[in-house]
There are 2 protein chains.
Amino acid sequence: MLDSTDLKILDQLSKNSRITMKELGDYVHLTGQAAAARVVKLEDQGIIEGYTINVNQVKMGYLVHAFITIFTKNTNHQPYLEFVKGEKEWVINNYKISGNGCYLLECQFPSHERLDDFLVELNQWANYQLSIVIHPHKV
Amino acid sequence: MLDSTDLKILDQLSKNSRITMKELGDYVHLTGQAAAARVVKLEDQGIIEGYTINVNQVKMGYLVHAFITIFTKNTNHQPYLEFVKGEKEWVINNYKISGNGCYLLECQFPSHERLDDFLVELNQWANYQLSIVIHPHKV
DNA sequence: TTAAATCCTTTCATTCTTAAAGTAAAAACA
DNA sequence: TGTTTTTACTTTAAGAATGAAAGGATTTAA
């Protein structure tokens with residue numbers, strides 16, 4: 001399905017999605033047009049889902065990054081899920097999980113005060129276990 | 001520091017980082033040249049850290065997404081950290097955390113068999129608590 | 001063996017980018 | 001207060017990249 005050229009293209013676009021198709025072509029020994037055609041195919045296959053940027057969240061004022069393990073208070077998760085839906089400003093991901101807890105909620109906040117405000121609200125709908133990220137260490 | 005035009009630019013690039021500077025300029029009522037200059041400034045400020053793609057990990061064969069809370073076996077974390085460094089194929093992020101556990105390890109695997117292989121190795125250096133993602137629900 | 005499909009290149013018109021010069025408004029300074 | 005500097009933008013124009021079309025080579029299917 002995917003050959004080594006496709007994998008190189010994905011690798012290169014992961015590192016710099018604004019590269020020109022000509023440069024991308026040079027990298028995989030194809031013309032820009034051929035590289036562009038492969039990229040369109042990867043998009044059509046749904047392998048490339050989108051093009052985005054990495055933003056420095058600390059410089060954007062989000063100093064606190066937290067993972068919160070959620071234990072909903074009753075079997076109906078809807079109140080919790082509605083709460084999360086209304087907190088898009090802070091919530092990065094809400095993973096439904098099996099294991100310890102029902103959800104793993106990834107959030108970011110400008111301060112511990114804001115985190116505390118959030119936890120007070122959250123506690124209406126769920127119990128939780130808080131983990132604050134000290135250092136990201138991306139791999 | 002950042003005005004509303006900068007925020008619109010970041011928002012637009014987050015949605016599609018391959019947009020032309022001309023289109024981006026149209027969106028914020030500037031010429032392509034002025035928009036490009038703003039983008040360069042955002043890069044220089046370190047607010048835009050990079051341009052990347054979203055890849056469908058399931059279509060790439062990574063069917064299992066897991067968060068593993070790590071409790072290192074002794075106070076020296078180095079053996080665990082060395083292990084993680086050698087497992088780049090599976091590890092997405094290794095967050096150092098305060099709270100429950102020492103690290104939160106985000107991983108992906110093609111199968112539960114591969115996950116099991118990983119856990120057996122991991123268990124040489126750390127105890128762990130496993131959470132498998134059932135549904136991502138990005139916000 | 002022929003027909004169709006796939007994947008690539010070449011060509012060329014169109015569009016985008018980049019650099020330079022110029023303008024206007026705001027900020028810094030005497 | 002008046003002058004200079006800086007900042008942010010536009011316009012212009014050359015150079016580079018893109019996208020569409022035509023064509024060739026190789027593989028797949030009939």
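Residue numbering restarts at 1 for every chain, and letters A, B, ... go by the order of the sequence lines.
Applying the salt bridge (Lys or Arg N to Asp or Glu O under 4.0 Å) test to pairs two or more places apart or on separate chains, those with a residue in residues 104-114 of chain A are A:R114-A:D117.
Whole-Å rounding puts the A:L24 CG to D:dT18 C1' distance at 14 Å. When rounded to the nearest whole Å, the span between CD1 of A:I9 and C1' of C:dC7 equals 12 Å.
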So which protein N/O to nucleotides 16-25 of chain C N/O distances come out below 3.5 Å?
from   : atom 1 : to    : atom 2 : distance (Å)
C:dT17 : OP1    : B:M21 : N      : 3.2
C:dT17 : OP2    : B:M21 : N      : 3.2
C:dT17 : OP2    : B:K22 : N      : 3.2
C:dT18 : O4     : B:Q33 : NE2    : 2.9

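Proximity of the aromatic rings of A:H65 and A:F67 is defined here by a centroid distance below 6.0 angstrom, and this criterion is met.
The structure places CD1 of B:I48 at 9.0 Å from CZ of A:R18, a figure rounded to the nearest 0.5 Å. In this structure, CD in B:E43 is found 3.5 Å from OH in B:Y51, a value given to the nearest 0.5 Å. With rounding to the nearest 0.5 Å, the separation of CG in B:L122 from CG in B:N127 is 8.5 Å.
Of the residues in residues 38-45 of chain B, B:R38, B:K41 come within less than 4.0 Å of DNA chain D through at least one heavy atom, sorted by number.
Contact between the side-chain N/O atoms of A:T31 and the OP1/OP2 oxygens of C:dT9 is found at a separation under 4.0 Å.
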Legend entry - Step-by-step side-chain contact (heavy atoms from CB on, under 4.5 Å) determination, B:L10 to B:L2: CA-CA 10 Å; B:L10 291 175; B:L2 295 188; 4.2 Å; yes
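Counted by atom type alone, B:Y103 and B:H77 present one or more donor-acceptor pairs between their side chains at under 3.5 Å.
The nearest pair of heavy atoms linking A:S111 to A:V64 is C-CG2, 3.8 Å.
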